[in-house]
Amino acid sequence: MRSPMATQEEIRRQKLWRAMGLRDEEYQRIVELLGREPNYVELGMYAVLWSEHCAYKHTRRLFRHFPTDGPRVLEGPGENAGAVSIGDGQAIVMKVESHNHPSAIEPYQGAATGVGGILRDIFTMGARPIALLDSLRFGELSSERSRYLFQGVVAGIAGYGNATGVPTVGGEVYFDAAYEGNPLVNVMCVGLVDEVHLTRARASGVGNPVLVVGAHTGRDGIHGATFASAQLDEDSASRRPSVQVGDPFTEKLLIEACLEVIQRGLVVGIQDMGAAGLTSAAAEMAARAGSGIELDVALVPRREEGMTPYEVMLSESQERMLVVPRAGAEEEVAAVFARWGLVAARVGRVTDDGLLRVLENGRVVAEVPAASLSTQGAPAYEPEAQRPAYLDEVNGRDLNALPVPADPGQVLLELLSSPTLADRSWIYQQYDHMVQINTVAGPGGDAAVLRIKGTPKGIALTIDGNGRYTYLDPRTGAALAVAEAARNLACVGAEPLAATDGLNFGNPEKPEVFWQLREAILGIAEACRALEIPVISGNASMYNENEGVPIYPTPIIGMVGLLPEVERRVGAGFVREGDLVVLLGENRLELGGSEYLYRVHGLVAGPPPTVNLAEEKRLLSLCLAAARRGMVRSLHDCSEGGLAVAVAECCLLGGCGAELTLFSPGRPDALLFGEAQGRVVASLPETHWEELQRLAAACGVRATLLGRVGGRRLVLRVHGDPGVEAVVDLSLQELEETWRSGLAGRL
């Protein structure tokens, strides 16, 4: 029989591992791996690295569906970021990361440290960060809490990005009650590197020293990865110490020092200390190289007294890296960091035994197989998947029974005043999007465009996703995010090269949520294969719930495209009186999932817009060919808000009005405000119309003449069945005043 004391000890340990976020069966697996009970430090190390945030326990097996290879892919998923060639020996490095839970608790620091973390993922690869983009979701701005979170997050992104000298060049924001308790803060970073300097995070070379560089270690962020792997509730605010505190000025120094030692060939591996801090950096570097690491926590520079080995190993203090210099280069590496005002402390060495061995003043305090801590050894789950019952109700709603608005012009003004569709300049005016002087087209268009100095080339960047679509049909909604991102790039004249994904979902242990997750991943994979766009990196953020209620499933797609000649980029605005306005693609009367349905009728219902990937691919080909031949003056994607909002944006962005005639066999509101995909509004000189028609026919895309650019009003006439007619007739001044105040006026 077990003694009462033994039973009490077992109960105490059980409470401990459960409090750290480990399941009972996971604890038993650790015991089997080690052949013994883990000590307190080891238990904490497994808890953070086997968290959902670090181990991707519910998504890892699903990632196999993604296409990850391509003729330009230099590095796919598995490293800190993906890399794709842009020719001339240069590469773009890119990734998206989330900082959702920290931003819900402390919006400024949560967003700021999210920016810092994604920057480090990029320059760890040897690439200089050249651009940031953000994808944000909040509750309605009528909520005081949502306004507080929104303003704090924007300030945090601006404060960190501006101080590090990396421009924030684009992004998106949606406001919906579904995100009231759990906002989403996704940040994408893009870097530029010469292919010869592309660096991996591997602890290679037995006997090589291991250095901790950058900021000193404190107690902030301990168990931050665990916090990010649990749903939010009324007690979440009490976990505020889990939110890290960033220092962008130290980050700027760290960027320069790390890039210098990489470009001088002084290091064999380098890794950011992000989630799970020193534990993750050491374990992942050793696991990738098939080596081991021995380190002594007593040698780690600290900013707080009395820190235990547990605290040092799990701290998520920002602006720190783990560096493995090449043999004989340790002093030279330390000198570089010293010149930039940063500490580089030797804390250990690379070994050949595959173990992560942690010492304190020479005494072993933890010793575990490094690979068992990494995603190679972490558990992976495929729980039951079940189609949510709500889909039958929301998809079965008869949208044709809704009343048709008597005044479509008033509806257009209401949509332009929606904070989701209104002018975003209140946000991006806080961002320095011109620093580094690469930005050719910044926020406000379909995609940002940056020049590649010393070449005629440019790159285009976008980040897109629609949680409402994915809520109504996860596979279609996720595929639509890919298609929209690709269209946005093609609209500026860029060929899509590669994608990075950010998966934001609720609790994957719930069958309905796991079904949404699986379907969304399959949708992304299907769209990327059809459009020949590899997924080279990504991030998964689970447990985005508040009091047990999940957010809309929200997959985000970041994408990069290449312009052979940046000077031939295309804008979105109507800029020349007398130009023709043409619709490229098919009009379909689809109201489901639209902003119109949500704002005007108070509904999130119906199937979302259909996605025809073959049509999308033909449309991409047409837009690219028309842009590169100089046939079009502008191209603008039709998405949220539908055709009427897209045309209004063309007028507002270019400063010219337009008079257009549309034909509809059904509801005029569906034609004006439905969000049918695969459509682009183009403007062009009349002399190029016949040539565009021939090109469209060759590409298999319908090109429909709608009218002309001109005047200071937007006039849209819809003709259809007998008795069906609608007219929008608004001045540009009225449109602009409404659009400009839609977001800023609510703050």
Side-chain angles (χ1 to χ4, degrees), residues 399 402-423 446 466 468 484 487 491 572-574 580-601 609 634-683 704-720 724-740 742:
L399 302 182
L402 296 172
V404 177
D407 186 351
Q410 194 59 42
V411 172
L412 176 56
L413 291 175
E414 187 172 347
L415 290 178
L416 289 175
S417 72
S418 161
T420 294
L421 301 179
D423 175 33
D446 287 291
N466 187 309
R468 201 177 292 152
E484 182 180 357
R487 276 198 311 275
C491 281
F574 294 156
L580 301 182
V581 178
V582 174
L583 181 69
L584 306 177
E586 299 281 350
N587 276 323
R588 289 183 290 271
L589 304 184
E590 297 177 316
L591 281 174
S594 63
E595 185 73 4
Y596 162 71
L597 206 61
Y598 178 66
R599 295 290 169 188
V600 176
H601 295 285
S634 70
L635 294 168
H636 186 37
D637 170 42
C638 286
S639 54
E640 286 81 10
L643 181 58
V645 168
V647 171
E649 289 171 341
C650 291
C651 293
L652 292 167
L653 292 170
C656 289
E659 187 167 344
L660 312 177
T661 300
L662 314 172
F663 296 92
S664 171
R667 300 175 59 114
D669 57 341
L671 177 60
L672 288 169
F673 310 117
E675 296 176 3
Q677 303 289 293
R679 299 180 296 168
V680 167
V681 176
S683 69
T704 306
L705 181 62
L706 301 181
R708 289 185 184 272
V709 175
R712 297 291 301 167
R713 303 186 72 81
L714 171 60
V715 180
L716 296 171
R717 294 187 176 89
V718 180
H719 300 295
V724 177
E725 186 171 11
V727 178
V728 173
D729 188 349
L730 297 165
S731 70
L732 290 195
Q733 180 180 352
E734 189 173 8
L735 290 172
E736 183 164 16
E737 288 175 354
T738 302
W739 182 63
R740 295 284 184 198

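Only heavy atoms go into these numbers, but all of them, side chains included; no hydrogens, no water, no symmetry mates.
Across all non-hydrogen atoms, the minimal contact from Pro609 to Gly592 is CD-O, 3.6 Å. Smallest separation of non-hydrogen atoms from Leu415 and Gly641: CD1-O, 4.2 Å. Closest of all the heavy-atom pairs between Leu672 and Pro408 is CD1-CB, 3.8 Å. Across Asp446 and Ala572, no two heavy atoms sit closer than the pair OD2-CB, 3.6 Å. Counting all heavy atoms, side chain and backbone alike, Val718 lies closest to Pro668 at CG1-CB, 3.9 Å. Across all non-hydrogen atoms, the minimal contact from Leu589 to Ala670 is CB-CB, 3.9 Å.
Under 3.5 Å, the side chains of Glu640 and Thr420 contain no donor-acceptor pair of N or O atoms. Looking at Ser683 and Ser634, their side chains do bring a donor and an acceptor atom within 3.5 Å of each other. In this structure, a donor-acceptor pair under 3.5 Å is present between the side chains of Glu737 and Gln733.
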For this session: Give the intermediate values and the outcome of side-chain contact (heavy atoms from CB on, under 4.5 Å) for residues Arg708 and Leu580.
Result: CA-CA 4 Å; Arg708 289 185 184 272; Leu580 301 182; 3.4 Å; yes
For this session: Would you sort out whether Phe574 and Val647 count as a side-chain contact (heavy atoms from CB on, under 4.5 Å), showing the intermediate values?
Result: CA-CA 9 Å; Phe574 294 156; Val647 171; 4.2 Å; yes
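Residues Leu584 and Leu635 are in side-chain contact: their nearest non-hydrogen atoms beyond the backbone lie under 4.5 Å apart. For the pair Phe663/Leu671, no side-chain contact is recorded, criterion being any heavy-atom separation below 4.5 Å from C-beta on. The shortest distance between side-chain heavy atoms of Leu735 and Leu413 falls below 4.5 Å. Residues Pro405 and Tyr596 are in side-chain contact: their nearest non-hydrogen atoms beyond the backbone lie under 4.5 Å apart. Using a 4.5 Å cut-off on side-chain heavy atoms (C-beta onward), Val645 and Leu416 make contact. A heavy-atom distance below 4.5 Å is not found between the side chains of Val411 and Asp669.
Arg713 contributes atom CZ, which lies 8.5 Å from atom CG of Leu732 (distance to the nearest 0.5 angstrom). The OG atom of Ser594 lies 11.5 Å from the CZ atom of Arg599; values are rounded to the nearest 0.5 Å. In this structure, Glu595 CD and Glu414 CD are separated by 10.0 Å, a value rounded to the nearest 0.5 Å. The CG atom of Asp729 sits 11.5 Å away from the CG atom of Leu412 when rounded to the nearest 0.5 Å. Between the NE2 atom in His636 and the SG atom in Cys491 there is a gap of 8.0 Å [rounded to 0.5 Å]. We find the OG-CG distance between Ser639 and Asn466 to be 9.0 Å, quoted to the nearest 0.5 Å.
Residues Arg717 and Glu659 are paired through a salt bridge, judged by an N-O separation under 4.0 Å between the basic side chain and the carboxylate.
Partner of Leu660 under the side-chain contact (heavy atoms from CB on, under 4.5 Å) criterion, chosen from Val681, Leu705, Val728, Leu716: Leu716. No option in Arg487, Arg679, Gln677 other than Arg487 meets the side chain to side chain donor-acceptor pair (under 3.5 Å) test with Asp637.
Side-chain N or O atoms of Arg712 include one that pairs as donor or acceptor with a backbone N or O of Gly655 at under 3.5 Å. The backbone N or O of His719 sits nowhere less than 3.5 Å from a side-chain atom of Glu725 that would complete a donor-acceptor pair. Arg667 contributes a side-chain N or O that, together with a main-chain N or O of Leu402, makes up a donor-acceptor pair within less than 3.5 Å.
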